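Below, read A as the first sequence line, B as the second, and so on, with proteins coming before strands; counting in each chain starts at 1. The structure displayed is predicted, hence computed values, not measured ones.
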Amino acid sequence: MADSKPDDAESLFEAPPMGEQERMCEAILFASADPVTVRELESRLPHGCDVAEALVHLRKRYEGRGVRLVRVGDAWAMRTAPDLGFLMQKETVETRKLSRAAIETLAIIAYHQPATRAEIEEIRGVSVSRGTVDQLLELEWIRFGRRRMTPGRPVTYVVTQEFLDHFGLENARDLPGLKELRAAGLLDNRPPPGAMQGPDDQGEEEEVIGQSELFED
Amino acid sequence: MADSKPDDAESLFEAPPMGEQERMCEAILFASADPVTVRELESRLPHGCDVAEALVHLRKRYEGRGVRLVRVGDAWAMRTAPDLGFLMQKETVETRKLSRAAIETLAIIAYHQPATRAEIEEIRGVSVSRGTVDQLLELEWIRFGRRRMTPGRPVTYVVTQEFLDHFGLENARDLPGLKELRAAGLLDNRPPPGAMQGPDDQGEEEEVIGQSELFED
Amino acid sequence: MTDEFEMQETEIQTRLAAEALIVDVDGFEGPLDLLLTLSRTQKVDLRKISVLQLAQQYLGFVERAKKLRIELAADYLVMAAWLAFLKSRLLLPPDPSEEGPSGEELAAHLAFQLERLQAMRDAAARLMARDQKGRDFFVRGLPEDVSRIRRISYSATLLDLMQAYARLRTRDEFRPYVMDRNAILTMEQALERMRGLIGYAGDWTALESYLPEGWETDPARRRSATAASFAAALELAKLGHIEIRQGEVFAPIQIRKKADPDG
């Protein structure tokens with residue numbers, strides 16, 4: 001603040017250089033809660049400043065930047081570039097456990113990729129609801145692979161980089177195989193109590209697919 | 001928003017160019033009156049962006065401008081250049097004048113943090129009134145730190161990000177003269193010699209807790 | 001001559017200052033603050049201060065205050081008593097039998113406290129002299145609203161994933177025998193499947209190719225799927241979505257999407 005004093009005194013007779021005028025406009029426009037008119041800028045800048053010219057320079061300087069200088073009526077304001085509007089969102093994250101249907105589907109895709117829906121259904125023994133796949137797609141843990149070159153040209157699913165990051169894998173091939181799972185004690189000869197799924201249950205599942213997905217987990 | 005879609009999808013594997021990352025940071029920082037943490041910038045930018053590098057570029061870009069990019073703890077903010085403060089009479093906020101007690105208490109907390117009430121009293125030689133601490137808490141310049149692991153487990157005070165922001169400090173280590181004070185041993189918590197109570201004995205005001213705190217820490 | 005005059009001048013000033021102190025006693029923030037002010041009259045670096053002299057100054061101050069019938073707060077008197085004690089310690093030769101810290105140690109600590117308080121006051125002044133937000137520099141005047149989006153993040157661990165897979169792959173090992181309903185494709189399922197696929201096949205395509213993947217090999221599943229798909233094809237033909245043809249008896253049944261009547 002003290003530094004600016006001599007400038008102030010001098011400005012009675014000579015306006016500061018254009019670069020300085022530009023940064024003065026910049027600061028005022030930045031800090032102002034409302035768009036600022038040229039008249040007001042003139043009144044706040046030292047005497048003899050050419051606000052109109054300073055604004056031209058300033059506008060040019062912000063061209064293509066993340067913010068821009070825009071005209072609002074007969075006033076000016078700094079605004080976010082419209083193409084970056086999507087950044088003005090803040091996400092609050094709520095963590096939920098993935099449903100069993102989803103985790104199983106994901107596991108099958110990870111171990112068998114590229115995998116078609118039919119293959120997933122074959123292994124799971126129940127049909128895969130659209131919601132489950134959509135959820136995995138939305139999570140960006142799976143994506144579409146190439147269509148299978150078989151009749152019907154079914155779509156295939158593969159896991160994504162995001163998936164690998166999330167599970168701390170370098171490659172889906174790093175997933176332990178069945179033998180290793182067994183060696184690690186992850187395969188138990190009896191099903192875990194929660195995993196007990198009678199074939200009858202599966203039958204029901206097939207009939208009310210959508211709902212069973214909801215009830216799972 | 002529509003334009004950004006393809007980018008988003010690709011960003012799982014490839015981040016947007018650095019220039020684009022820079023203007024994204026610029027937009028977010030411009031839009032916020034409060035400092036934005038690196039973590040938040042990362043969460044709001046597409047996957048794979050190098051926020052730290054983008055900020056380096058951005059900071060350079062604003063060097064010597066009417067606004068600048070400043071670091072506040074682990075966050076960043078755009079602020080007007082201090083030499084242009086004289087233009088901002090309109091934006092100037094009249095702050096309540098702080099008492100000498102409040103200013104000294106603030107300085108003691110900043111330089112000694114985490115500091116207990118007993119330590120503040122020891123240094124100032126008088127008891128700290130509740131109002132003083134309340135005022136600093138209300139300004140959000142101090143907050144509670146961890147309890148001291150000494151008998152009585154007294155609360156401690158530390159300075160906040162708002163404090164750093166208000167005084168234009170990058171972090172608490174940048175406090176003026178901190179190094180010299182430390183080198184001179186003036187930030188040591190030196191207990192009065194012997195078991196004798198020192199001249200700062202406040203009679204009833206100094207609680208047993210406070211004293212033991214000073215002796216044992 | 002000049003020196004003497006200056007000395008007298010200083011003394012007068014000191015005395016005046018001391019009297020001002022007494023009148024202003026309420027303005028002090030306790031005995032330490034007063035001591036710090038008194039120490040300034042010594043006009044030396046705080047590290048070289050004479051604590052003995054300071055103790056005398058303080059005691060003198062308290063004496064004069066009493067004479068002027070100024071009531072001093074208790075803590076000023078406590079400090080006076082302590083300084084009197086300190087003074088005696090500093091003046092008397094140390095008694096080796098006596099316990100506790102020496103007079104020098106106590107004096108050094110007092111000097112440290114004064115220096116520290118002064119240092120904090122200087123630091124506070126420097127802090128307040130900094131450029132301040134809202135006074136010297138300013139925040140964005142028109143912050144843009146950030147819309148909050150609640151995102152649900154789903155968590156799953158690698159262990160969950162592996163266990164799920166293990167569970168699936170070993171299910172057969174412990175499954176009791178029951179009638180396998182896995183081998184049944186319902187007509188609804190076939191219908192849904194065919195509806196989705198019919199658009200992709202431009203020309204006549206064998207009905208067989210519409211069987212779900214993995215259903216072609218196992219005879220039981222193949223039967224079920226073929227029957228369901230055929231029923232579904234008839235249903236679609238009835239609805240006018242497809243056309244069906246068969247070259248001759250037992251020849252493959254072919255279907256194709258019915259051309260849009262408009263196009």
Side-chain angles (χ1 to χ4, degrees), chain A residues 1 27 30-34 77-80 88-98 100 102-104 106-108 110-111 116 118-119 121-125 127 135 139 148 150-154 166-169 175-176 178 181-182 186-187 189-192 195 197 199-200 202-203 206, chain C residues 131 135-182 184 186 188-189 193-194 196-197 200-201 205-206 208-215 221:
Chain A
M1 273 197 83
F30 172 87
S32 183
D34 299 302
M78 315 269 323
R79 291 284 156 82
T80 308
M88 300 303 131
Q89 300 171 338
K90 191 173 186 169
E91 291 184 339
T92 48
V93 178
E94 188 181 300
T95 306
R96 282 193 204 164
K97 227 170 150 50
L98 209 59
R100 184 161 139 188
I103 191 87
E104 287 184 4
L106 182 64
I108 293 165
Y111 276 90
T116 64
E119 285 161 356
E121 290 177 340
E122 160 80 16
I123 295 171
R124 280 200 73 216
S127 59
Q135 186 186 22
L139 280 167
R148 190 61 61 74
T150 50
R153 305 196 60 219
H166 183 91
F167 291 96
L169 295 165
L175 282 167
L178 280 186
L181 289 176
R182 201 183 302 270
L186 289 169
L187 289 192
N189 276 335
R190 279 170 310 155
Q197 199 180 32
D200 290 340
Q202 281 167 32
E206 277 191 329
Chain C
D131 289 331
R135 188 187 77 183
D136 305 300
F137 62 88
F138 297 83
V139 306
R140 178 79 159 122
L142 189 67
E144 278 166 67
D145 279 340
V146 173
S147 57
R148 287 193 180 262
I149 296 175
R150 203 179 57 144
R151 187 166 62 108
I152 295 165
S153 151
Y154 287 92
S155 74
T157 64
L158 190 57
L159 192 67
D160 292 335
L161 190 76
M162 294 186 307
Q163 280 175 334
Y165 188 68
R167 192 166 64 222
L168 287 167
R169 298 309 292 195
T170 56
R171 191 164 43 201
D172 293 340
E173 292 176 18
F174 45 73
R175 192 163 66 174
Y177 176 79
V178 282
M179 198 181 84
D180 198 345
R181 295 194 59 186
N182 269 352
I184 290 171
T186 64
E188 285 76 18
Q189 285 171 323
R193 186 180 156 73
M194 216 176 268
L197 292 174
Y200 291 109
T205 317
E208 275 173 342
S209 67
Y210 285 91
L211 300 194
E213 290 236 5
W215 288 68
R221 306 188 90 191

S.K.: What distance separates A/L98 CG from A/E104 CD, expressed to the nearest 0.5 Å?
M.R.: 10.5 Å
S.K.: Would you name the heavy atoms of A/F30 and A/M78 that are closest together and state the gap between them?
M.R.: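 In terms of heavy atoms, the two residues are closest at N-CG, 4.2 Å.
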S.K.: So for A/R148, is it side chain, backbone, both, or neither that comes closer than 4.5 Å to the heavy atoms of chain C?
M.R.: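 Just the side chain, heavy atoms under 4.5 Å.
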S.K.: Among A/A118, A/A33, A/A27, single out the residue with the greatest number of heavy-atom pairs under 4.5 Å to chain C.
M.R.: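 Of the options given, most contacts go to A/A33.
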S.K.: CD/A/E121 to CD/C/Q189 distance, rounded to the nearest 0.5 angstrom?
M.R.: 7.5 Å
S.K.: Which distance, rounded to the nearest 0.5 Å, do you find between the CD1 of A/I108 and the CZ of A/R124?
M.R.: 6.5 Å
S.K.: What part of A/S32 gets within 4.5 angstrom of chain C, counting heavy atoms only: side chain, backbone, both, or neither?
M.R.: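 For A/S32, backbone heavy atoms alone lie under 4.5 Å from chain C.
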S.K.: Less than 4.5 Å to any heavy atom of chain C: does that hold for the side chain of A/Q135, its backbone, both, or neither?
M.R.: side chain
